[in-house]
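Take a look at the structure set out below.
Numbers for residues simply follow the sequence, beginning at 1. One-based numbering, in listed order, for ligands and for the atoms of each.
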Amino acid sequence: MLTINGIGAAPGIAIGRALVSARSSSEIPTYGISAADVDREYVRFQRAVREAQQDLHSVAARLTDLSRLDAELLESHRIMLEDPELANQVQAGLNERLCNVEQVVVLVIEELIQKLDGVADDYIRDRVADLQDVRRRLLERLLARPGLTAVRSDAPAVLVCHNILPTDALDLSQRGFIAVATDVGGQSSHLAIVARALELPAVVGLSSVSREVHGGDMVIVDGNDGVVVVDPSPDTKAEYDARLRRWQKREMVLLGGRAAPARTIDGTVIALQANIEFAGEVKAALGHGAEGVGLFRSEFLFLQGAERGTGGGPPESEQYDAYRSVLTAMGDRPVTIRTIDIGGDKVTPEFDVLDESNPILGFRAIRLCHAHPEVFKRQLRALYRAAPFGKLRIMFPMISSVDELDTTLDLVAEVREELAAEGHDVPTVPLGAMIEVPAAAICADLLAPKLDFFSIGTNDLLQYTAAVDRDNDRVAYLYRPLQPAILRLLRNVSRAAREAGVGLSLCGELARDPGAVAVLAGLGIRELSMAAIGIPDVKEAIGRFTLGAAEELVQELLELSHTADIERTVRDWAEQLTTRET
Ligand code: PEP
Ligand code: MG
């Protein structure tokens with residue numbers, strides 16, 4: 001039996017056999033795929049070819065005194081990448097072997113190398129080195145964005161892997177997985193967000209779980225405590241079976257209170273809404289008692305269909321259908337749809353966001369929309385056209401200055417005028433900004449008069465304020481939202497919203513922390529949006545304190561200068577409440 005500690009990324013407990021996307025000694029993952037997934041793997045190959053070609057292009061552009069020989073070499077690599085024969089063999093290899101494309105690329109190029117190796121000609125033998133280089137370049141591209149798009153299991157299984165892109169995780173439950181365990185990742189990485197949306201227990205940041213677990217091993221994934229147990233002893237297995245039953249029972253009890261609003265003891269109502277990534281999540285949101293959708297991460301709509309290659313995301317009609325279906329399903333409850341936040345770790349070959357040395361600080365979200373106004377305006381058109389079907393609010397991600405907000409609002413005005421000129425009914429839709437860049441939190445008083453609401457995105461706000469990569473498990477010990485800098489920024493944003501009379505919500509992962517909810521209430525936040533699965537726990541926590549006590553707690557916290565003291569004070573405070581109750 002082996003117990004590995006990581007970061008609990010999505011709650012719940014699952015027990016099952018592992019399907020490991022292993023990395024062999026040469027670091028090439030290997031797993032089987034079904035015939036239905038051959039096309040998807042082939043698209044990954046095509047994408048890697050495109051990216052490898054871009055790499056060659058950038059190398060050529062960087063070498064100003066490029067010698068003729070170097071130029072010829074780069075050109076020969078480019079030709080090899082473009083060779084239809086290579087593409088045909090990869091396609092045939094996928095069909096025959098039914099395994100992931102990294103393996104097929106290795107095998108196909110190895111066969112080509114072996115054929116050439118036997119030839120007694122220096123020129124031909126040099127091509128072997130070229131092929132090795134091309135293989136390395138393709139694999140680098142494939143492995144940089146590990147494609148577990150196609151991995152699936154016939155029996156319910158736990159997926160154990162080094163890393164998985166959020167976009168590849170979108171349909172994990174439909175592909176037979178009941179839980180996920182990864183080497184890398186953090187509490188608010190987008191994989192964690194997707195796992196919570198799918199209600200798949202997940203533990204991330206396990207360092208080398210993909211090496212320590214073997215396919216078929218019995219594995220327990222405890223997303224509540226961030227623990228993975230491999231090959232459990234009969235006693236441990238029995239203990240976790242019992243824990244699983246208790247967890248399921250508690251969930252049922254909490255879900256029983258879903259119709260009641262969340263109220264503090266003295267009657268202050270805190271609206272609890274759901275964060276969703278796909279239109280299909282609305283049912284689960286309502287099932288968990290969501291009083292609205294506080295954040296619809298619309299970029300997932302774009303990422304899901306990214307392989308269609310139409311450029312610029314889904315057509316207006318497809319977006320309109322998705323927005324309309326969410327609005328209709330939510331009835332008279334508010335639905336906040338965030339315009340696309342593509343870039344960072346949410347990449348798609350459709351946009352030029354692939355080759356940045358620091359994508360999190362780069363061409364992302366509203367910046368990308370300003371550079372591609374046609375894409376942004378298409379989304380806005382679809383949103384305004386869908387607006388009459390419900391209670392829509394539109395929100396812009398990563399606003400970092402008044403200038404950026406002005407440009408955004410100008411584009412909104414253009415779209416409204418165009419729609420009106422076409423004879424559409426153009427309703428007034430509340431407009432808001434995510435407050436997730438420190439500059440926006442500091443200048444909240446300047447942004448507020450131009451908007452109807454703010455929604456604080458603590459995931460990025462913390463990442464940028466404390467300079468801690470939210471995806472990096474090695475610095476996860478620094479990713480602590482209850483720290484003096486964040487409390488001060490939240491206080492500032494709350495004050496600016498109150499003074500300007502604009503709405504204030506919080507949709508970062510902090511909203512889902514029952515221990516932190518009193519702090520947020522005490523700071524004046526009356527609307528929280530979170531993964532639906534977290535709503536029942538947060539509602540229960542709200543029912544345990546009075547607003548006055550929460551405000552006093554915040555005053556006390558703002559006097560403290562160490563994160564550990566703040567965390568301890570919040571923990572002790574919450575424990576006192578529980579003890580008083582029992
Ligand atoms: C945030 O940054 O807190 C947020 C809610 O947005 P996302 O997690 O999608 O970056
Ligand atoms: Mg964000």
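Between P484 and L560, the shortest heavy-atom distance links the atoms CG-O, 4.0 Å.
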Apply side chain to side chain contact (heavy atoms under 4.5 Å, CB included) to residues R196 and L191 and explain how you reach the verdict. CA-CA 9 Å; R196 287 193 283 271; L191 164 62; over 6 Å; no
Could you walk me through whether R250 and E540 pass the side chain to side chain contact (heavy atoms under 4.5 Å, CB included) test, one step at a time? CA-CA 12 Å; R250 183 166 182 276; E540 190 193 42; 3.0 Å; yes
Would you check, one step at a time, whether the test side chain to side chain contact (heavy atoms under 4.5 Å, CB included) holds for R480 with I566? CA-CA 10 Å; R480 292 153 81 179; I566 297 175; over 6 Å; no
List the steps and the verdict of side chain to side chain contact (heavy atoms under 4.5 Å, CB included) for L383 and Q319. CA-CA 8 Å; L383 286 167; Q319 294 190 49; over 6 Å; no
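Distances from atom 4 (C) of ligand 1 to the heavy atoms of E277, M434, M530 show the closest one on M434.
Around the Mg ion (ligand 2), the protein atoms of type N, O or S that sit closer than 2.8 Å are E436 OE1, D460 OD2.
For L461, no heavy-atom contact with ligand 1 is shorter than 4.0 Å. When heavy-atom distances to ligand 1 are checked against a 4.0 Å cut-off, E509 has no atom that comes that close, whether in backbone or side chain. At a heavy-atom distance under 4.0 Å, no atom of M398 approaches ligand 1. Looking at I193 against ligand 1, only its side chain comes within 4.0 Å, counting heavy atoms.
Closest protein heavy atom to atom 6 (O) of ligand 1: R338 NH1, 3.0 Å.
The contact set between ligand 1 and E436, taken as ligand atoms under 4.0 Å from a residue heavy atom, comprises 1 (C), 2 (O), 6 (O). Those atoms of ligand 1 that come under 4.0 Å of a heavy atom in L295, given as number and element, are 5 (C). Annotation for ligand 1: atoms under 4.0 Å from non-hydrogen atoms of G508 are 3 (O). Atoms of ligand 1 lying under 4.0 Å from at least one heavy atom of T458, given by number and element, are 3 (O). Counting atoms of ligand 1 from 1 in the listed order, those under 4.0 Å from a heavy atom of R364 are 10 (O). Of all atoms in ligand 1, listed by their number and element, those nearer than 4.0 Å to a heavy atom of R470 are 2 (O), 7 (P), 8 (O), 10 (O).
Contact analysis leaves M395 out of contact with ligand 1, as no non-hydrogen atom separation drops below 4.0 angstrom. For the ligand labelled ligand 1, residue Q463 lies outside the 4.0 Å heavy-atom shell.
Taking a cutoff of 4.0 Å between a charged side-chain nitrogen and a carboxylate oxygen, D460 and R364 qualify as a salt bridge. Salt bridge annotation for R297-E281: absent, with no cationic side-chain nitrogen under 4.0 angstrom from a carboxylate oxygen. Between K450 and D406 a salt bridge is recorded (basic side-chain N to carboxylate O distance below 4.0 Å). Under a 4.0 Å N-O distance rule, the pair R324/D321 does not qualify as a salt bridge. Between E291 and R333 there is no salt bridge, since none of the side-chain N atoms of the basic residue sits less than 4.0 Å from a carboxylate O of the acidic one.
For the residue pair E509/T458, the side-chain donor-acceptor check at 3.5 Å is not satisfied. At a cut-off of 3.5 Å, with distance as the only test, a side-chain donor of D183 or S210 sits close to an acceptor on the other residue.
Aromatic ring orientation, F296 versus Y323: perpendicular (interplanar angle above 60°, classes split at 30° and 60°).
Backbone and side-chain nitrogen or oxygen atoms of E299 are examined, and none is located within less than 3.5 angstrom of a nitrogen or oxygen of ligand 1.
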